[in-house]
Colleague: 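Here's a structure for you.
Everything numeric here is computed off the predicted structure, so don't read it as measured data.
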Amino acid sequence: MEFIDLRSDTVTKPTDEMRRAMAYAEVGDDVYGDDPTVNKLEKLAAEILGKEAALFVPSGTFANQLALFTHCNRGDEVIIGDDYHIVQHEAGAAGIISGVQLRTIETDRGALIPEVVEKKIRKVDDIHYPKTGLICLENAHSNGRVIRLENYEKIRNIAEKYKVPIHLDGARIFNAATFLKIQASEIAKYADSVSFCLSKGLCAPVGSLLVGNKEFIEKARKKRKIMGGGLRQAGILAAAGIIALEKMIFRLEEDHENAKYLAQKLLNFDFIEIVEDVEINMVFFKINKQFEEEDFVKYLFENGIKINPSDDGIFRFVTHYWIKKKDIDYVIEKMEKYFTAQQ
């Protein structure tokens with residue numbers, strides 16, 4: 001059975017063009033720097049993000065943790081939003097790998113509050129204090145919100161004032177740039193390093209990039225080896241990533257429009273409440289009605305639709321390359337049948 005998979009944009013499978021490129025990719029040993037396809041991908045990524053260099057790594061979590069590992073010394077403190085992916089969904093890796101302390105702060109729906117960031121920076125070289133080693137940003141945020149550049153400009157000014165570097169978790173930076181109608185480099189310029197995923201909505205099967213200046217990336221290359229990220233003939237994977245950056249980033253508006261279409265259709269149910277503005281390819285909603293959630297998820301699965309259970313009562317449906325309007329119509333039809341039968 002071919003499923004309509006709304007769980008995440010990480011479920012996107014490679015296009016036929018990507019599969020052909022992967023099959024015939026020119027490869028070499030990337031640990032030696034000999035893989036021409038990886039080298040092409042890294043050069044392309046750096047150019048698109050407006051940075052000097054880039055490094056291909058296995059995953060978004062790997063890229064974020066490599067950034068912390070490269071920027072920070074053990075015992076450093078990292079200022080970060082308490083609802084950021086690095087805190088919530090990376091299994092405590094910062095403490096395990098980098099030996100850093102995460103100083104989490106409450107965000108304004110994903111945006112760091114500049115005054116709070118400045119207050120939390122360790123300004124005194126005191127024997128009792130850790131050093132503030134890094135500030136972390138995230139865009140687009142995992143709640144589907146795109147953080148505005150006015151916020152980043154303020155954070156950047158604070159970071160420069162206290163000489164603290166910034167890392168941006170830009171897993172979906174191209175979604176953010178699409179929403180803001182700007183180049184991704186206009187977001188990336190506020191950070192010293194940026195990570196982004198090739199496998200979130202861009203259809204590449206594996207991989208992320210970490211970008212920054214040449215000195216940072218060379219240091220990160222050795223740290224990548226320490227973390228076990230040397231992938232040898234990785235050009236087979238990088239070939240799909242090149243197509244992702246050359247073509248797939250330019251069609252994300254379609255996913256955003258489909259998400260808005262989905263939200264509008266969900267609002268036809270008088271008991272469904274959209275809880276976040278639909279800015280990228282994610283729709284967050286509550287079902288304000290008595291029903292058996294496990295039964296609902298099972299029913300949709302049996303009808304060829306995959307969704308995740310709710311998170312504290314909030315469902316997230318994610319559109320992507322393989323979700324079309326006809327698929328959304330089918331989902332709404334099945335939901336209507338389910339809830340009608342519950343009356």
Colleague: Only pairs at least two apart or in different chains count here, so list each ring pair (Phe, Tyr, Trp, His ring centres under 6.0 Å) that has a residue in residues 185-228.
Modeller: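 For residues 185-228: H71-F216, F174-F196.
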Colleague: Do other residues, nucleotides or ligands put more than 12 heavy atoms under 6.0 Å from K289 NZ?
Modeller: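 Above 12, so yes.
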Colleague: Does the side chain of M282 reach to within under 4.5 Å of the side chain of R172, using non-hydrogen atoms?
Modeller: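 Yes, their side chains come closer than 4.5 Å.
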Colleague: If we count only N and O atoms by modelled type, under 3.5 Å, do the side chains of N258 and K325 hold a donor and an acceptor together?
Modeller: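 A pair is found: one side chain offers a donor N or O, the other an acceptor, under 3.5 Å apart.
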Colleague: Can you name the nearest heavy-atom pair linking L180 to I147, along with the distance?
Modeller: CD1-O, 4.1 Å
Colleague: Running the 4.5 Å side-chain criterion over Ile, Leu, Val, Met, Phe, Trp and Tyr, what cluster does V124 land in, apart from itself?
Modeller: Y129
Colleague: Return yes when atom NZ of K306 has more than 12 non-hydrogen atoms of other residues, nucleotides or ligands closer than 6.0 Å, and no otherwise.
Modeller: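 Yes.
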Colleague: Out of curiosity, does M227 fall in the hydrophobic cluster containing V31 (side-chain heavy atoms, cut-off under 4.5 Å, transitive links)?
Modeller: no
Colleague: Quick one: does D76's side chain have a donor or acceptor within less than 3.5 Å of a partner on N73's backbone?
Modeller: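 Flag set: sc D76 to bb N73 pair under 3.5 Å.
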Colleague: Determine, for K214 against E218, whether the closest basic-nitrogen to carboxylate-oxygen distance falls under 4.0 angstrom.
Modeller: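 No.
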Colleague: Please report the shortest heavy-atom distance between I80 and I86, naming the atom on each side.
Modeller: CD1-CB, 3.6 Å
Colleague: Find the distance between CG (L262) and CG (D329) and round it off to the nearest 0.5 Å.
Modeller: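 Result: 10.0 Å between the selected atoms.
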Colleague: Looking at R122, is its backbone amide N or carbonyl O close enough to the side chain of T132 to form a donor-acceptor pair, meaning the two atoms are under 3.5 Å apart?
Modeller: yes
Colleague: What's the shortest heavy-atom distance between A176 and A140, and which atoms?
Modeller: CB-N, 3.9 Å
Colleague: For R103 and K120, indicate whether the former's side chain and the latter's backbone hold a donor-acceptor pair under 3.5 Å.
Modeller: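 A pair under 3.5 Å: yes.
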Colleague: Could you point out which residue of H141, E138, E90 forms a side-chain hydrogen bond (donor to acceptor under 3.5 Å, both in side chains) with H85?
Modeller: E90
Colleague: With a 4.0 Å cut-off, would you call R156 and D192 a salt bridge?
Modeller: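 The answer is yes: the pair qualifies as a salt bridge.
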Colleague: According to a 4.5 Å side-chain heavy-atom criterion applied to Ile, Leu, Val, Met, Phe, Trp and Tyr, with indirect links allowed, do V38 and F62 form part of one hydrophobic cluster?
Modeller: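 No, it is not one cluster - the side chains of V38 and F62 are not joined through contacts under 4.5 Å.
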Colleague: Would you say the side-chain atoms of K40 pair up with the backbone N or O of G235, donor to acceptor, closer than 3.5 Å?
Modeller: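 Pair absent, no side-chain N/O of K40 close to backbone of G235.
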Colleague: Please list all pairs passing the ring pair (Phe, Tyr, Trp, His ring centres under 6.0 Å) test where one or both residues lie in residues 316-337, with sequence neighbours left out.
Modeller: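 Sorted pair list: F285-F317.
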Colleague: According to a 4.5 Å side-chain heavy-atom criterion applied to Ile, Leu, Val, Met, Phe, Trp and Tyr, with indirect links allowed, do I182 and I48 form part of one hydrophobic cluster?
Modeller: yes
Colleague: Side chains of L66 and L55: does their closest heavy-atom pair fall under 4.5 Å?
Modeller: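 Heavy-atom side-chain distance check passes, below 4.5 Å.
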Colleague: Within a strict 4.5 Å, meaning less than it, do heavy atoms of the E215 and E52 side chains meet?
Modeller: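 E215 vs E52: side chains apart.
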Colleague: Given I166, which partner from the list I135, L134, V194 fulfils the side chain to side chain contact (heavy atoms under 4.5 Å, CB included) test?
Modeller: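 Between I166 and the candidates, side chain to side chain contact (heavy atoms under 4.5 Å, CB included) is satisfied uniquely by I135.
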Colleague: So which heavy atom on A63 is nearest to which on S208, and how close?
Modeller: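 Closest approach of A63 to S208: CB-CB, 4.2 Å.
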Colleague: Which heavy atom in R109 sits nearest to a heavy atom in R145, and how many Å separate them?
Modeller: O-CD, 3.0 Å
Colleague: Taking atom types as modelled, find out whether N281 and D9 have a side-chain donor-acceptor pair closer than 3.5 angstrom.
Modeller: yes
Colleague: What do you reckon, is CG of D126 surrounded by more than 12 foreign heavy atoms closer than 6.0 Å?
Modeller: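 Counting neighbours around CG of D126, more than 12 heavy atoms of other residues, nucleotides or ligands fall under 6.0 Å, so yes.
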Colleague: Could you check whether any side-chain heavy atom of L198 comes within less than 4.5 Å of a side-chain heavy atom of L245, counting everything from C-beta outward?
Modeller: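 Yes. Closest side-chain heavy atoms under 4.5 Å.
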Colleague: So does A94 get a backbone contact from the side chain of Q65, meaning a donor-acceptor N/O pair under 3.5 Å?
Modeller: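 Yes.
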Colleague: Specify the closest pair of heavy atoms between A54 and L209, including all atoms of both residues, with the distance to one decimal.
Modeller: CB-CD1, 4.1 Å
Colleague: Please set out all donor-acceptor pairs under 3.5 angstrom arising from side-chain atoms of residues 14-22, sequence neighbours excluded.
Modeller:
unit_1: T15; atom_1: OG1; unit_2: M18; atom_2: N; d: 3.2
unit_1: E17; atom_1: OE1; unit_2: K247; atom_2: NZ; d: 3.2
unit_1: E17; atom_1: OE2; unit_2: K247; atom_2: NZ; d: 2.6

Colleague: Checking K337 against E333 for the salt bridge (charged side-chain N to carboxylate O under 4.0 Å, His left out) test, could you report, in this order, the C-alpha distance in whole Å, the side-chain angles of both residues, the deciding distance, and whether it holds?
Modeller: CA-CA 6 Å; K337 285 186 177 180; E333 175 192 333; 3.6 Å; yes
Colleague: Of the options F339, Y338, F291, which is the one that meets Y299 in a ring-ring contact (aromatic ring centres under 6.0 Å, His included)?
Modeller: Y338
Colleague: Is it true that atom CD of Q183 has more than 12 heavy atoms of other residues, nucleotides or ligands lying nearer than 6.0 Å?
Modeller: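 At most 12 heavy atoms, drawn from other residues, nucleotides or ligands, come within 6.0 Å of this atom.
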Colleague: Same cluster or not: I307 versus F3, using hydrophobic residues (I, L, V, M, F, W, Y) connected whenever any side-chain heavy atoms lie under 4.5 Å apart?
Modeller: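 Looking at the clustering, F3 is in a separate group from I307.
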Colleague: Are any of the side-chain heavy atoms of R221 and R224 separated by less than 4.5 Å?
Modeller: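 A side-chain contact exists here, since the closest heavy-atom pair is under 4.5 Å.
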Colleague: More than 12 heavy atoms of other residues, nucleotides or ligands under 6.0 Å from NZ of K286: yes or no?
Modeller: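 Check fails, neighbour count at 12 or below.
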Colleague: Parallel, tilted or perpendicular: which describes the rings of F315 and F296, with under 30° parallel and over 60° perpendicular?
Modeller: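 F315 vs F296 ring planes: perpendicular.
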Colleague: Step through the shown structure and confirm whether more than 12 heavy atoms of other residues, nucleotides or ligands are within 6.0 Å of NZ on K324.
Modeller: yes
Colleague: Would a distance-only check, ignoring hydrogens and angles, find a side-chain to backbone donor-acceptor pair under 3.5 Å from R316 to S310?
Modeller: no
Colleague: Check whether V297 and F301 end up in the same hydrophobic cluster, where Ile, Leu, Val, Met, Phe, Trp and Tyr are linked by side-chain heavy atoms less than 4.5 Å apart.
Modeller: no
Colleague: Could you check if a side-chain atom of C136 sits within less than 4.5 angstrom of a side-chain atom of D169, using non-hydrogen atoms only?
Modeller: no
Colleague: Is it the case that the side chain of T104 and the backbone of D82 share a donor-acceptor pair, with hydrogens and angles ignored and the cut-off at 3.5 Å?
Modeller: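 Side chain of T104 to backbone of D82: no pair is present.
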Colleague: Answer yes or no: are there more than 12 heavy-atom neighbours, outside N268 itself, under 6.0 Å from its atom CG?
Modeller: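 Yes, because the 6.0 Å sphere around CG of N268 holds more than 12 heavy atoms from other groups.
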Colleague: Contact between S193 and K51 at the side-chain level, heavy atoms closer than 4.5 Å - yes or no?
Modeller: no
Colleague: Keeping to residues at least two apart or across chains, list the ring pair (Phe, Tyr, Trp, His ring centres under 6.0 Å) pairs with something in residues 32-54.
Modeller: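 Pairs touching residues 32-54 that pass the test: none.
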Colleague: Under the rule for ring pair (Phe, Tyr, Trp, His ring centres under 6.0 Å), what residues qualify as partners of Y152, not counting sequence neighbours?
Modeller: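 In terms of ring pair (Phe, Tyr, Trp, His ring centres under 6.0 Å), with neighbours along the sequence ignored, Y152 is linked to no residue.
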Colleague: For the residue pair I323 and I4, establish whether any side-chain heavy-atom pair is separated by less than 4.5 Å.
Modeller: yes
Colleague: For E26, is the CD atom crowded, meaning more than 12 foreign heavy atoms sit under 6.0 Å from it?
Modeller: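 No - once you tally the heavy atoms of other residues, nucleotides and ligands closer than 6.0 Å, there are 12 at most.
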Colleague: In Å, rounded to the nearest 0.5 Å, how long is the span from CD1 of I226 to CD1 of I97?
Modeller: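 The distance works out to 11.0 Å.
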